[in-house]
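Read through the structure below, which is laid out as structure tokens, and then see the notes.
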Amino acid sequence: MIDVMTPGMVGFNREVSVMEKITVSLPSPLLTVLDGLARKWSTTRSGAVAELIRRVEQEELEKQLKEGYLALAEANRKDAEFFLHAQAEVVLRDGN
């Protein structure tokens, strides 16, 4: 959730950060979208841009984590297949 304070300051999770001022040029259709998001999220244009960047950053992190988990799962599967025969021998031998 975004907390709107004095101009140039936005708090995320109740932490206040001083923001750097930049200038961004947008085509009218994108500015209309940005204004709609700012109204929807009850924040300023700056707050909406900050939230959009935060969301993209979060999506990238989640994508990297997913890729890492999938690679780890594949490595674990290969290890399990490699040791399956040895485990089967022990189970079959102990079962007799």
Side-chain angles (χ1 to χ4, degrees):
M1 189 65 174
I2 300 174
D3 295 325
V4 179
M5 274 76 86
T6 58
M9 300 183 80
V10 177
F12 294 94
N13 299 326
R14 303 286 180 210
E15 295 178 18
V16 177
S17 301
V18 176
M19 298 293 185
E20 298 290 330
K21 190 172 271 203
I22 62 169
T23 301
V24 176
S25 299
L26 296 173
S28 293
L30 286 181
L31 184 57
T32 300
V33 171
L34 180 63
D35 287 340
L37 292 172
R39 276 191 305 278
K40 178 180 175 181
W41 296 335
S42 301
T43 190
T44 62
R45 286 175 173 172
S46 294
V49 169
E51 177 66 11
L52 288 168
I53 292 170
R54 186 198 64 75
R55 288 180 183 202
V56 168
E57 184 178 38
Q58 182 67 33
E59 286 175 8
E60 280 297 312
L61 176 61
E62 289 173 3
K63 178 183 171 188
Q64 290 173 1
L65 288 172
K66 180 180 177 181
E67 289 170 358
Y69 287 137
L70 290 174
L72 185 58
E74 179 63 17
N76 287 340
R77 185 189 64 76
K78 287 180 179 179
D79 286 346
E81 287 177 356
F82 180 77
F83 291 108
L84 180 63
H85 297 292
Q87 291 172 349
E89 284 181 29
V90 170
V91 170
L92 292 174
R93 183 189 69 213
D94 289 347
N96 289 332

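Count residues from 1 along the sequence.
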Fill in: From Glu74 atom CD to Asp79 atom CG, the distance as rounded to the nearest 0.5 Å
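With rounding to 0.5 Å, CD (Glu74) is 10.0 Å from CG (Asp79).
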Worksheet item: In Å and rounded to the nearest 0.5 Å, what is the CG to OG1 distance from Leu37 to Thr43?
Response: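 Between atom CG of Leu37 and atom OG1 of Thr43 there are 10.5 Å.
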Fill in: salt bridge (charged side-chain N to carboxylate O under 4.0 Å, His left out) between Glu59 and Arg55, worked out
CA-CA 6 Å; Glu59 286 175 8; Arg55 288 180 183 202; over 6 Å; no
Worksheet item: How about Glu57: does its CD atom have over 12 heavy atoms from other parts shown lying under 6.0 Å from it?
Response: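 No, CD of Glu57 has 12 or fewer neighbouring heavy atoms, counting only those of other groups under 6.0 Å.
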Practice prompt. Could you list the residues that satisfy side chain to side chain contact (heavy atoms under 4.5 Å, CB included) with Pro29, not counting sequence neighbours?
Written response: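 Partners of Pro29 by the side chain to side chain contact (heavy atoms under 4.5 Å, CB included) criterion, ordered by chain and then number, come out as Pro27.
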Are [Y] and [X] co-members of a hydrophobic cluster defined by side-chain heavy atoms under 4.5 Å apart?
| X | Y | value |
| --- | --- | --- |
| Leu92 | Leu84 | no |
| Val91 | Phe83 | no |
| Val49 | Val24 | yes |
| Ile53 | Leu31 | yes |

Discussion item. Any salt bridge linking Arg54 with Glu51? Criterion: basic side-chain nitrogen under 4.0 Å from a carboxylate oxygen.
Written reply: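 Glu51 and Arg54: salt-bridged.
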Practice prompt. Given side chain to side chain contact (heavy atoms under 4.5 Å, CB included), test Thr32 with Leu30 step by step and report yes or no.
Written response: CA-CA 5 Å; Thr32 300; Leu30 286 181; over 6 Å; no
Item to complete: Locate the shortest heavy-atom distance separating Thr44 from Ala38; write the atom from each residue and the value.
Response: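 Heavy-atom minimum between the residues: O-CB, 3.7 Å.
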Hey, can you pull the donor-acceptor pairs under 3.5 Å for the side chains in residues 63-72, sequence neighbours left out?
none

